[in-house]
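Contents: one structure, followed by commentary.
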Amino acid sequence: GTHLLVLQACNLTGWGGNELGSRMHVTTVDGEGNFSGEYHTAVSSAKKPIQPSPLIGSQHLDEDGQCTFGFTVNWKKFSDSTAVFVGQCFAGEGEDEILQTSWLLREKVDSLPSDWKATRTGRNIFTRM
Ligand SMILES: *[C@@H]1O[C@H](CO)[C@@H](O)[C@H](O)[C@H]1NC(C)=O
Ligand SMILES: *[C@@H]1O[C@H](CO)[C@@H](O)[C@H](O)[C@H]1NC(C)=O
């Protein structure tokens with residue numbers, strides 16, 4: 001028989017958590033790929049207690065389920081920092097969908113001589129929850 005491979009179009013609505021226990025929730029993706037939602041980090045160097053923080057982003061609307069995307073998180077509820085994420089969705093046949101992401105985190109420093117230490121980078125893998 002003919003095997004018809006049905007590829008799931010990429011749509012970041014919903015989403016899940018990463019290996020650190022942080023969670024991203026995308027409320028909805030519009031017809032141009034704009035999206036917004038909430039990021040609940042499990043890790044923070046801020047002194048105040050962690051709170052879910054707004055995220056806003058944009059994704060490609062590819063038919064093959066392997067879209068790239070980016071979003072910004074403003075941690076204004078408990079910190080002066082801002083983070084940006086970029087990533088790509090991957091889903092093989094019979095495999096769970098994952099998001100491979102990289103991020104840059106900008107912390108606020110009190111003076112220009114401290115600028116050198118203000119940016120951190122890292123990578124996270126998200127799985128559906
Ligand atoms: C993505 O999926 C959500 C929920 O199923 C839906 O409301 C939204 O319209 C979809 N967005 C696109 C661009 O297909
Ligand atoms: C997506 O975002 C862009 C930039 O803010 C905006 O111009 C556009 O109207 C948005 N698309 C929709 C469908 O709202």
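Note that these values count all heavy atoms, side chains included, but never hydrogens, waters or copies made by symmetry. As the structure lists them, so they are numbered: ligands from 1, and atoms in each ligand from 1.
Shown in contact with Asn11 at under 4.0 Å from a heavy atom are these atoms of ligand 1, numbered in order with element: 1 (C), 2 (O), 3 (C), 8 (C), 10 (C), 11 (N), 12 (C), 14 (O).
For the two cysteine residues Cys89 and Cys10, the thiol sulfurs sit 2.5 Å or further apart.
In terms of modelled atom types and a separation under 3.5 Å, the side chain of Gln88 and the main chain of Thr101 share no donor-acceptor contact.
From the protein, the heavy atom lying nearest to atom 4 (C) of ligand 1 is Thr13 CG2, 3.9 Å. Ranking the protein heavy atoms by distance from atom 9 (O) of ligand 2 puts Glu32 OE2, 4.1 Å first.
Here the shortest heavy-atom pairing between Val109 and Ala118 reads CG1-CB, 3.9 Å.
Judged by distance alone, the side chains of Ser45 and Glu107 do bring a donor and an acceptor atom under 3.5 Å apart. Counted by atom type alone, Arg106 and Thr82 present zero donor-acceptor pairs between their side chains at under 3.5 Å.
For atom 13 (C) of ligand 1, the candidate residues are Asn34, Asp30, Leu12; the nearest heavy-atom contact is made by Asp30.
The shortest N/O to N/O separation between Leu61 and ligand 1 does not fall below 3.5 Å.
Of the protein's heavy atoms, none falls inside 4.0 Å of atom 7 (O) of ligand 2.
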